[in-house]
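Taking it in order: structure first as structure tokens, then the write-up.
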Amino acid sequence: MELYDVMRTACATREFTNDPIPDATLFKILDNARFAPSGGNRQGWRVIIVRDRKTREALAELSVPAARRYAAQLKAGENPWNTVDPTNVDAETIELTPAPSYFTKPYLQAPVVLVVCVDLKVVASTDQYLHRIGVVSGASIYPFVWNILLAARHEGYGGTITTLAISQEPKLQDHLGVPKEFAISAIIPLGKPVRHLTKLKRKPVLSFAVYERWDGKPLSETSDD
Ligand SMILES: Cc1cc2nc3c(=O)[nH]c(=O)nc-3n(C[C@H](O)[C@H](O)[C@H](O)COP(=O)(O)O)c2cc1C
């Protein structure tokens, strides 16, 4: 596929056919994804390829607590899991909210689930002393994660970055034998999509790109003229 077509159509795939992903294809996807950048080119990633049914069931189960909270906050009109506005949803409401099945089913349905970990010992977290949640660390792993999904799209497969189960990281680490200094960054169910979306809903450039300052004029296609 042409690069821009891949970028514009790599949707979040959560429903999969029964087709397997051969190891040779997985290898090709990872062999291309590995050219992603990372801080200092440290490449602290490690990918666990999960096909075992029991492990996939555990991944689904470990997603449930975060999925309940996600759904409860959404219902209350909040931006789920954000760290700026404290939630007004109480623990009991969260506990009583069912976890939507589209958050758990993909792990059971996909032929393979990739668990992407990153070695925090080699990640430069330059925002670690700021009084806000860290985001820079993610920049040393998510380009790689996204490259996996772009390569998968190119090969006719699809998947989704999922993160809900990561709220239970210590249990995940125990289950998969991941050392404590490796953060689990993404859990990607991967397979042949039941359907490929061709039109993704995204905001236009002029809604987010501005000249020179936060309150600058929006970037326009014709401003060079
Ligand atoms: C950081 C991040 C975390 C995400 N976590 C989940 C998740 O836990 N479960 C899930 O089903 N989708 C998850 N998604 C997928 C998003 O919901 C999806 O990318 C977004 O809705 C756009 O979907 P589309 O490409 O099909 O338009 C996540 C995406 C990102 C980038």
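Atoms within each ligand, like the ligands themselves, are counted from 1 in listed order.
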Among protein heavy atoms, which sits nearest to atom 26 (O) of ligand 1, and what does the distance come to when rounded to 0.1 Å? Ala12 N, 3.0 Å

Quick check: Thr163 and ligand 1, any N/O pair under 3.5 Å apart? yes

Does only the side chain of Leu164 get under 4.0 Å from ligand 1, or the backbone, or both, or neither? Count heavy atoms. both

Just do the side chain to side chain contact (heavy atoms under 4.5 Å, CB included) check on Leu149 and Leu190 with the steps written out, would you? CA-CA 9 Å; Leu149 285 164; Leu190 204 62; 4.0 Å; yes

What pairs of residues pass the salt bridge (Lys or Arg N to Asp or Glu O under 4.0 Å) test when at least one of them lies in residues 132-159, not counting sequence neighbours? Lys28-Glu155, Asp127-Arg132

Apply salt bridge (Lys or Arg N to Asp or Glu O under 4.0 Å) to the pair Arg195 and Glu15, showing each step before the final yes or no. CA-CA 8 Å; Arg195 68 192 82 81; Glu15 288 180 276; 3.2 Å; yes

Heavy-atom distance under 4.5 Å between the side chains of Ile184 and Gln173, does that happen here? yes

Ligand 1 and Arg202, any nitrogen or oxygen pair closer than 3.5 angstrom? yes

Would you call the rings of Phe103 and Tyr70 parallel, tilted or perpendicular, where under 30° means parallel and over 60° means perpendicular? perpendicular

Looking only at heavy atoms of Arg14, does any of them come nearer than 4.0 Å to an atom of ligand 1? yes

If the cut-off is 4.0 Å to any non-hydrogen atom of Phe103, which atoms of ligand 1 fall inside it? 9 (N), 10 (C), 11 (O)

Can any side-chain N or O of Trp81 pair as donor or acceptor with the backbone N or O of Ala66 at less than 3.5 Å? yes

Based purely on interatomic distance, does Ile161 place a nitrogen or oxygen under 3.5 Å from a nitrogen or oxygen of ligand 1? yes

Side chain, backbone, both or neither: which applies to Lys201 and ligand 1 if a contact is any heavy-atom pair less than 4.0 Å apart? neither

Using a distance threshold of 4.0 Å (strictly less than), state whether atom 20 (C) of ligand 1 has a protein heavy-atom neighbour. no

For ligand 1, the portion of Tyr142 having any non-hydrogen atom under 4.0 Å away: neither

Nonpolar side-chain network containing Phe27, other nodes, edges under 4.5 Å: none

